[in-house]
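Since this is a predicted model, take the numbers as computed values, not measurements. Lettering follows sequence order; numbering is per chain, from 1.
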Number of protein chains: 2
Amino acid sequence: MKATRNTTAKTAVLEVFEKSKTALSHTEIQKQLNDICDRVTIYRILDRLLNDDIIHKISNQDGTVKYAKCNHSHQRVHIHNHAHFSCENCHEITCLENVKPSYIMPHNYKVKEINFTLSGLCPKCLNSNI
Amino acid sequence: MKATRNTTAKTAVLEVFEKSKTALSHTEIQKQLNDICDRVTIYRILDRLLNDDIIHKISNQDGTVKYAKCNHSHQRVHIHNHAHFSCENCHEITCLENVKPSYIMPHNYKVKEINFTLSGLCPKCLNSNI
DNA sequence: AAATTATCGCAACATTGTTGCGATTGTGTA
DNA sequence: TACACAATCGCAACAATGTTGCGATAATTT
């Protein structure tokens, strides 16, 4: 149906994700792109990448929204049920691919996705600050 | 030091929380208050209530921010480590007070708070739809 | 009742995200 | 390679959400 095209802007956004070890907000992406394209274009590219399951969206406890690349392209269907860590000092968000919570739900709820975000101090800030 | 005052606006906001079984966004609170006070005032009241640990903040997966009353006034120190459920149909957010995830963290992280939000269909929507 | 100061209302601004539309460009096909 | 079609882009305009400053108001304290 709708073929997703590889435009220069989209390639540039993907490169930014590739280079970054942490999740990025729209604004951070825009800065790294150095105004190579319009603000709106970035939003639309992010929408497409989300739709194509190339990136995933993470909303932080403080209300900010970030995006990170998915590294599981081999799986046909996947759920982003890994955890994220949000550092209260440097505000970086990293994926904790191997941390998966176990829990018991009450009846009558149908759980489709889970969002598990831990916050505190990341290793970098834990060492540098006190 | 700074004594928190009991103003009519603050009382009204607290009543709205009391009546609601689900978490509320700033906009939802404003509507329920029927323009009894200014938009900015609500933001400031929410800030104070957060500071006094009377309510807690929940940021949904879709990026929206909501607030809910804490029901653990007897505890001196508490962490909002209970889970929340976000319905993808009616967009209501409810506290799952009894759901607490267990998990294993990598070393070198200092976890101070956790945010565990499950999304899917709530009991109400699970029954009415399909 | 008066004084103190937290809180309020208003205006103005900042940030973030969305939409419509004509122009541009990537990609399959002739 | 050139053409045609549609996805994508840039721009402008708008909407929603959150913040800040300041003079006015009102809740407490004395």
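In the set C:dG17, C:dA11, D:dG10, the nucleotide with an atom closest to the side chain of B:V40 is C:dA11. The side chain of A:Y43 sits closest to C:dG17 out of C:dG26, C:dG17, C:dC8. With C:dG9, D:dC9, C:dG17 as the choices, the nucleotide that has an atom nearest any side-chain atom of A:H26 turns out to be C:dG17. Of the listed nucleotides (C:dG9, D:dC9, C:dT7), D:dC9 has the atom at the smallest distance from the side chain of A:T7. In this structure, of D:dT8, C:dT5, D:dG18, it is C:dT5 that holds the atom nearest to the side chain of B:R5.
Rounded to whole Å, atom P of C:dT25 lies 14 Å from atom CD1 of A:I36. The interatomic distance linking A:I45 (CD1) with D:dG10 (C1') rounds to 12 Å, in whole Å. Between the CG atom of A:D47 and the P atom of D:dC9 there is a distance of 11 Å, rounded to whole Å. Atoms CZ (A:R39) and C1' (D:dC11) sit 11 Å apart, rounded to a whole Å. Per the geometry, CG belonging to A:L49 stands 10 Å off P belonging to D:dT8, to the nearest Å. The CD1-P distance, from A:I29 to C:dG17, rounds to 10 Å in whole Å. Rounded to an integer number of Å, the gap from A:D62 CG to D:dT19 C1' is 15 Å. Rounding to whole angstrom units, NZ of residue A:K10 and P of C:dG26 are separated by 13 Å.
With a 4.5 Å cut-off on side-chain heavy atoms, A:P106 and B:L96 count as touching.
Residue whose closest nucleotide on DNA chain D sits further toward the 5' end, between B:V65 and B:N6: B:V65.
In this structure, CG in B:N115 is found 11.5 Å from NE2 in A:H84, a value given to the nearest 0.5 Å. Atom OG of A:S20 sits about 11.0 Å away from atom CD1 of A:I93, to the nearest 0.5 Å.
With hydrogens and angles ignored, a donor-acceptor pair closer than 3.5 Å exists between the side chain of B:R44 and the base of C:dG9.
Within 4.0 Å (heavy atoms only), B:R48 reaches sugar-phosphate atoms of the nucleic acid but no base atom.
In summary, the side chains of A:N6 and A:T11 do not present any donor paired with an acceptor at a separation below 3.5 Å, with no hydrogens or angles considered.
Environment of CD1 in A:I36: sparse, with no more than 12 heavy atoms of neighbouring residues, nucleotides or ligands closer than 6.0 Å.
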